[in-house]
Amino acid sequence: MTSVLYDAPGPKAIVRSRVLSIVGIIVIAAGLVWLILALGAPKVSANGAVQPGLWDVSRWDVFMDVQVWRTLGQGALNTLRMAAVAAVFALVLGVLFSFGRASDTKWIRIPTTIVLEFVRGMPVLLMMLFILLVFSTGSFWAGVAALSVYNGAIIGEALRAGIASLPRGQREAGLAIGLTPIATRFRIEFPQAFRQMLPIIIAQLVVLLKDTSLSFVVGYEELLRSGLYNLTNFFGSRYSFSFFLVVLAIYLTMNLLLSWLARVIARRTGSRSGGVTPDAVPPVKPADPEVVYPAALGN
């Protein structure tokens, strides 16, 4: 099979590509093995004391304590709770931002655009600190508010792009059958735009879940603060690397599950909105000349 973009590789190029791939895999595997061995090797401190390697059993025996897993579980639940509440508000704000940004009235469109650009350019951490210090909302609602506003702005821009990508005939058809512009936007344009942008929205919700770790700074007991700060202070810095790996594994598990969900929804929504296949179009029967042209046959 040939391509118009590049020439098909010959036998030598195929062999060269396979050799380079094998060499690359070997180099990466060797680097990982070296890293694991280096982390597990004992280290000598400046005063001559020997510190056990990071894979030593003495650095992992703390996880036999049930209270450690309770603390990690509570931190994970707090992270998911903040992410869930912020995701709901972010979706609502995203819908409002998309409608205001795409409004035909400039007195709505221009202020919405200014607010969106300001929110998108402001770091989430500074927004959390601002809300906490100015409004005294507490650490949980400061994190929820900042995550909702920032991610709502991103989701709103995605929805606006989805609405803008629709054919103009969609809106004209809604107006032609007597719907108001707002009803046309809600009942015709928005459902299609939301379905098209759903994978992007879910991907942004994955970012929202990861950004909950920023609430560590405002004092919220989420996974990062519970797993690294609190447990390390209680059990000592000897277990800091162990806690780091476990917290990293929990974050990766949650984010990979959400990413998997995004891929599943993308495949399903893609199959639904992929257009009309030829098999779905009923065959057209040939016109009967005796019915279509009776006058011509009479002549």
Side-chain angles (χ1 to χ4, degrees), residues 79-106 108-132 134-135 137 139-166 185-186 189-218 220 222-224 251-252 254-270 273:
T79 294
L80 293 175
R81 184 164 67 100
M82 174 176 283
V85 176
V88 173
F89 284 111
L91 290 174
V92 174
L93 289 175
V95 173
L96 296 177
F97 281 143
S98 67
F99 278 82
R101 185 73 168 80
S103 176
D104 296 330
T105 305
K106 65 179 181 179
I108 298 177
R109 184 179 64 254
I110 294 177
T112 303
T113 303
I114 296 174
V115 171
L116 281 174
E117 294 300 326
F118 174 78
V119 169
R120 291 169 60 190
M122 186 175 183
V124 182
L125 181 57
L126 290 182
M127 199 179 303
M128 288 184 184
L129 292 173
F130 175 81
I131 295 173
L132 178 67
V134 174
F135 299 100
T137 57
S139 59
F140 175 77
W141 289 110
V144 168
L147 293 172
S148 301
V149 174
Y150 177 79
N151 291 278
I154 304 299
I155 293 173
E157 283 295 285
L159 291 175
R160 183 191 66 83
I163 293 174
S165 66
L166 296 176
R185 186 64 54 82
F186 267 106
E189 294 180 302
F190 180 73
Q192 299 180 69
F194 189 83
R195 185 170 61 249
Q196 290 181 2
M197 296 298 166
L198 189 57
I200 299 177
I201 293 173
I202 296 181
Q204 188 61 37
L205 295 180
V206 174
V207 176
L208 185 150
L209 175 61
K210 292 187 293 185
D211 286 346
T212 55
S213 60
L214 296 175
S215 60
F216 170 94
V217 179
V218 296
Y220 182 63
E222 42 76 49
L223 179 59
L224 185 63
Y251 269 116
L252 285 176
M254 293 189 295
N255 291 328
L256 289 176
L257 286 176
L258 277 179
S259 300
W260 170 80
L261 176 63
R263 290 193 297 269
V264 170
I265 294 177
R267 287 196 298 266
R268 292 188 176 183
T269 56
S273 59

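This chain uses plain numbering: 1 for the first residue, then up along the sequence. This is a predicted model, so every value here is computed, not measured. Every heavy atom of this structure was used, including side-chain atoms; hydrogens, water molecules and symmetry mates were not.
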Q: Go through the structure and list residues passing ring pair (Phe, Tyr, Trp, His ring centres under 6.0 Å) with Phe97, not counting sequence neighbours.
A: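 Phe97 satisfies ring pair (Phe, Tyr, Trp, His ring centres under 6.0 Å) with no residue once adjacent residues are dropped.
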
Q: Just grab all the side-chain hydrogen bond (donor to acceptor under 3.5 Å, both in side chains) pairs involving residues 79-94, residues at least two apart or on different chains.
A: Arg81-Tyr220

Q: Can you name the side chain to side chain contact (heavy atoms under 4.5 Å, CB included) partners of Val88, sequence neighbours left out?
A: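 So Val88 forms no side chain to side chain contact (heavy atoms under 4.5 Å, CB included) with any residue.
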
Q: Which heavy atom of Ser98 sits nearest to which heavy atom of Gly156, and what is that distance?
A: CB-O, 3.4 Å

Q: Rounded to the nearest 0.5 Å, what separates atom OG in Ser215 from atom CE in Met82?
A: 4.0 Å

Q: Tell me, which pairs form a salt bridge (charged side-chain N to carboxylate O under 4.0 Å, His left out) where one or both residues lie in residues 197-208, sequence neighbours left out?
A: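 Counting only pairs at least two positions apart or across chains, no salt bridge (charged side-chain N to carboxylate O under 4.0 Å, His left out) contact touches residues 197-208.
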
Q: Ser139 and Val218: which non-hydrogen atoms are nearest, and at how many Å?
A: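 For Ser139 versus Val218, the nearest heavy atoms are CB-O, 3.3 Å.
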
Q: Sorted by first residue and then second, give each salt bridge (charged side-chain N to carboxylate O under 4.0 Å, His left out) pair with at least one member in residues 144-154; sequence neighbours left out.
A: none

Q: Only distances under 3.5 Å count here; give the side-chain donor-acceptor pairs of residues 112-121 to other protein atoms, sequence neighbours excluded, each with its distance to 0.1 Å.
A:
residue: Thr112; atom: OG1; partner: Ile108; partner atom: O; Å: 2.7
residue: Thr113; atom: OG1; partner: Arg109; partner atom: O; Å: 2.7

Q: Give, for atom OH of Tyr150 and atom CG of Leu208, the distance between the pair rounded to the nearest 0.5 Å.
A: 10.5 Å

Q: Just wondering, do Leu126 and Phe130 contact through their side chains at under 4.5 Å, heavy atoms?
A: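 Phe130 does not reach Leu126 side chain to side chain.
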
Q: Specify the closest pair of heavy atoms between Glu189 and Leu166, including all atoms of both residues, with the distance to one decimal.
A: O-CD1, 3.4 Å

Q: CD1/Ile154 to CD/Gln204 distance, rounded to the nearest 0.5 angstrom?
A: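 Rounded to the nearest 0.5 Å, the CD1-CD separation comes out at 5.5 Å.
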
Q: Which atom pair, heavy atoms only, marks the closest approach of Leu209 to Ala83?
A: CD1-CB, 3.7 Å

Q: Side chains of Phe194 and Val95: does their closest heavy-atom pair fall under 4.5 Å?
A: no

Q: More than 12 foreign heavy atoms under 6.0 Å from CZ of Phe89: is that the case here?
A: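 No, the 6.0 Å shell around CZ holds no more than 12 heavy atoms from other groups.
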
Q: For the pair Leu159 and Ile201, evaluate side chain to side chain contact (heavy atoms under 4.5 Å, CB included) and give the outcome as yes or no after the intermediate values.
A: CA-CA 9 Å; Leu159 291 175; Ile201 293 173; 3.7 Å; yes

Q: Can you list, pair by pair, the side-chain donor-acceptor contacts under 3.5 Å of residues 141-148, counting residues two or more places apart and other chains?
A:
residue: Ser148; atom: OG; partner: Ala86; partner atom: O; Å: 3.4
residue: Ser148; atom: OG; partner: Val144; partner atom: O; Å: 2.6

Q: Starting from the C-alpha separation in whole Å, work towards a yes-or-no answer on side chain to side chain contact (heavy atoms under 4.5 Å, CB included) for Ile155 and Leu205.
A: CA-CA 9 Å; Ile155 293 173; Leu205 295 180; 4.2 Å; yes

Q: Find the distance between OH (Tyr251) and CG (Leu223) and round it off to the nearest 0.5 Å.
A: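 Taking OH in Tyr251 and CG in Leu223, the distance rounds to 4.5 Å.
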
Q: Could you work out, with side chain to side chain contact (heavy atoms under 4.5 Å, CB included) as the rule, every residue matching Ser165, not counting sequence neighbours?
A: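 Here the qualifying residues are Gln196.
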
Q: First locate atom CG of Leu96, then atom CZ of Phe99, and finally report the distance between them rounded to the nearest 0.5 Å.
A: 8.5 Å

Q: Kindly compute the distance separating CE (Met127) from CE (Met122), expressed to the nearest 0.5 Å.
A: 5.0 Å

